[in-house]
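Labels below follow one simple rule: chain letters A, B, ... track the order of the sequence lines, proteins then strands, and each chain is numbered from 1. What you are looking at is a predicted structure, and each value in this text was computed from that prediction instead of being measured.
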Amino acid sequence: MEKLPSAYPASELEPEIYHLWEESGYFNPDKLPGERKESFTIIMPPPNANDPLHIGHAVFVSLQDIMIRYQRMRGKRALWLPGTDHAGFETQVVWERKLAQQGKDRFSLGREEFFRQLWEYTQKNKRIVKEQLKSLGASCDWSREKFTLDEDIVSIVYETFYQLWKDGLLYRGKRIVNYCPYHRTAFSNLEVKYTEEKTYLYFVRYDFADNSGEYITVATTRPETIPGDVAIAVNPKDRRYSSVLGREVIEPITKRKIPIIADERVEMDFGTGALKITPAHASLDFEIGQDHHLDIRETLDFDGKFNKLAGPLAGLTVSQARKKAEEILQSGGYLVKKQEYWHQIGRCYKCGTAIEPMLMDQWFVAVTKPFRGGKSLRDLAVEAVQTGKIKIIPSRFKKVFFHWMENLRDWNISRQIVWGIRIPVYYCQEQKSELCRKKKGIIVSPSGPPARCPYCGSTKIKQDPDVLDTWFSSGQWPFATLMTTGENDFSRFYPTQVMETGWDILFFWVARMIMLGLYRTKKVPFEVVYLHGLVRDKDRQKMSKSKGNVIDPLGVVNTYGADALRMALVIGNTAGKDIIIFEEKIKGYRNFANKIWNVARFVLLNLEGFNPEKEIEPIPEDKKILQEFNSVKKKVTQHLDNYRFSLAGETLYQYFWHTFADKIVEEMKIRIKGKNQVASAQYVLYSVLTDCLKMLHPFMPFVTEAIWQRLPKSSSAAQLLMVEKWPL
RNA sequence: GGGUGAUUAGCUCAGUGGUUAGAGCGCAUCGUUCACAUCGAUGAGGUCGCUGGUUCAAGUCCAGCAUCACCCACCA
């Protein structure tokens, strides 16, 4: 018999064991032994292919692998479908940083070369990520691995785009969007982070155009946008201003005449109750401008500098222009008052640059517009959660979800970047016919560029330069993957059972998956959403490279083993709560793995004469032990069925260490040495150990499998613990 | 402006209305060649944030308050 080391050699055994699993083919649900009627599917949230995994990824691997392994042992056709995400903007930013270090940028490289480099870079990272997932023990089906830029995935995304267009849920329009002048792209509302900052509220005098000497005072935080003003608006109920409606004032920087209008969206008690309307650079102003058919003066260009419409401010950046505008107002006597003012400033979540509301032609998904059956995408999603077709764990996130859905606005899905799925839209450059002009030359073509314009026959056609928001494509991930991995995969594995991901992407991703999944498949994409928290250090700090407090999951795996890391991430935590991790905790579970190893060694050394094929009638006091153990099995199973992974793991930990190892093993040690009821003792040791191994397997797959491989087994037992039956 | 979470042992956290409120780490004392020092035994350590309420029974449910953390939001 093999002599086993007295300490569990994790880093030595783990790769061997993963190899064993992979060779067996059992990660693939089609190759699982036995008849399996029910399927259990989890689509892995695809990690970004732009960086190695961090500790947060280890959390999802642990939780999802627990569910998958548990259900596999319960006889389900368990499928965990892995993949990686091209992560459009995120990846482009990472790569641009690397370029910047070499003194280059994306504009000088050219679109094609830039894309090529990113392709290569993400392919390389994909391979690293895959190896990392393996070393964490992920029992996912690599034969079904997908990438968000796979051709077949892209064509499904295009098909969705086309259907939305035909259903009137997709439109192109000039709207105020969140524009980052540094990254030169627009964002959806979610990518803007607000911070409370001190600015100034400027009270500016606008003289009446009739030389009456009267004036109206307007409060603004953005005097630099005055050249873009097209009106002054007051509330129609505001008595102070009822006599000035319809009169004209002179805008004080470029001296244009603009009207005073009434609109009930103006707050009477803010500032002076008079609001300057700058449709091109503020979203409320845009809406008011549209309703009153006002002109639009775009004074700020996409490079973040003012243009010649801004008169004396031309050529300046926003902050320079603000200073200059203040000077001009001051010297002309137009600055009535300037006071400190704290308010929320929108900033780019990536670079912190102040977001400029800019007018741009973008593609929007009309999420609140009713279509088939009179319901909107939003209605469908809300209904699915309300009726319980989708269950969110923890349930308090339901409220958060509904609240966000209520305030939902149309979703801007175009991005002015290179890395991503190019928008499948072409514009006829000639628009030779009436029809073509009516259609604005817009050709939505999911199958590639049309040879000629379907409206007017022109061959001068250009593709939209923008790419799709990453979340638009990853929002289709559950069905897009299963539609492309094999003949019947979609019918067999969709809807999936669980979507396990971080609460921080509930809106970004989960909400969009629900909407788009229901749209394309008329079914929910998953039945349960399990949300985990963010990983933090002992001081509750978010882990970040700049803080230097990151824990590299692979480093931990090398030092303490994957099992220890997995336990440390799962135990002592509940759904939706942030996860605190520190080295001593991981060490504790490394010790536990060692405990399991040594109990197994002890049992192995004391099995002389024991035959696993033979059922034995234990003596009464041993029966009692087995009965008690039975209630532990029930408890663990119940916890797992209720997604209480921490409690399940902790129950096992407590039982195994402090009941089995500390008490039962100690008693049996004496009995075996004293040759007292040895057969019954061995039977108890063997059956409790093996059943504990089975239940611990989803949590600590490596050490349990390593021991399983060294245990004598009955002929009915599975060769691999991974596919052994759950002991209840 | 709206909303959410947290507050339990020195630290990090569990706790499903029902015995005397738990774990890990840390600490103290003792032990251990015979599965494991990555070990064992024993122990100290708690007005469960505060104030009220519901209940036969509250750490747990309800209301209010305080402190901390976070999320959402087009009042310029």
(request) Name the pairing partner of rC39(B), where a pair is Watson-Crick or G-U wobble with both distances under 3.5 Å, or state none. (result)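 In the structure as shown, rC39(B) has rG31(B) as its Watson-Crick or wobble partner.
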
(message) Which nucleotide, if any, forms a Watson-Crick or G-U wobble pair with rU4(B), using both distances under 3.5 Å?
(response)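 Answer to the pairing question: rA69(B), which forms a Watson-Crick or G-U pair with rU4(B).
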
Need one value for [X]: base, sugar-phosphate or nothing, where a base atom within 4.0 Å counts as base even if backbone is also close, heavy atoms only.
X	answer
G588(A)	nothing
E666(A)	base
V603(A)	nothing
R590(A)	base
F582(A)	sugar-phosphate
K193(A)	sugar-phosphate
K669(A)	base
T221(A)	sugar-phosphate
A593(A)	nothing
L275(A)	base
D662(A)	sugar-phosphate
L201(A)	nothing
F203(A)	nothing
A282(A)	nothing

Identify which nucleotide among [options] has an atom closest to any side-chain atom of [X], counting heavy atoms from C-beta outward.
X	options	answer
L647(A)	rG2(B), rA14(B), rC36(B)	rA14(B)
R644(A)	rC71(B), rU16(B), rA35(B)	rU16(B)
E650(A)	rC25(B), rC36(B), rA14(B)	rA14(B)
N591(A)	rC39(B), rA35(B), rG24(B)	rC39(B)
K673(A)	rG24(B), rC36(B), rC34(B)	rC34(B)
F507(A)	rC13(B), rA35(B), rC71(B)	rC71(B)
Y653(A)	rC39(B), rG24(B), rC13(B)	rG24(B)
H639(A)	rU16(B), rA14(B), rG40(B)	rU16(B)

(message) What is the distance, to the nearest angstrom, from the CG atom on D238(A) to the C1' atom on rA76(B)?
(response)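 Rounded to the whole Å, the gap is 15 Å.
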
(message) Expressed as a whole number of angstroms, how long is the span from F402(A):CZ to rG3(B):P?
(response)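 Checked: the CZ to P distance equals 17 Å.
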
(request) Spell out yes or no: do the side chain of K585(A) and the base of rC25(B) have one donor N/O and one acceptor N/O closer than 3.5 Å? (result)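 Not at all, since no donor on one side and acceptor on the other fall under 3.5 Å apart.
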
(message) Assuming nearest nucleotide by heavy-atom distance, tell me which of W503(A) and N594(A) is located more 5' along RNA chain B.
(response)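 It is N594(A), whose closest nucleotide lies nearer the 5' terminus.
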
(message) Judged by each residue's nearest nucleotide on RNA chain B, which is more toward the 5′ side, R396(A) or T574(A)?
(response)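 Nearest-nucleotide comparison on RNA chain B picks R396(A).
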
(request) Run through V535(A), L565(A), I55(A) and flag the one making a side chain to side chain contact (heavy atoms under 4.5 Å, CB included) with I551(A). (result)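 Of V535(A), L565(A), I55(A), side chain to side chain contact (heavy atoms under 4.5 Å, CB included) with I551(A) is met by I55(A) alone.
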
(message) Please identify which of these residues, V365(A), D379(A), V367(A), meets the side chain to side chain contact (heavy atoms under 4.5 Å, CB included) condition with M515(A).
(response)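 The passing option is V367(A).
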
Is the cationic atom of [X] (NZ for Lys, CZ for Arg) positioned less than 6.0 Å from the six-membered ring centroid of [Y] and within 45 degrees of its normal?
X	Y	result
K669(A)	F602(A)	yes
K193(A)	Y349(A)	no
K337(A)	F203(A)	yes

(request) Salt-bridge test for E197(A) and R347(A): reply yes if a basic N is under 4.0 Å from a carboxylate O, no otherwise. (result)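 Looking at R347(A) together with E197(A), the answer is yes, because their closest N to O distance falls below 4.0 Å.
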
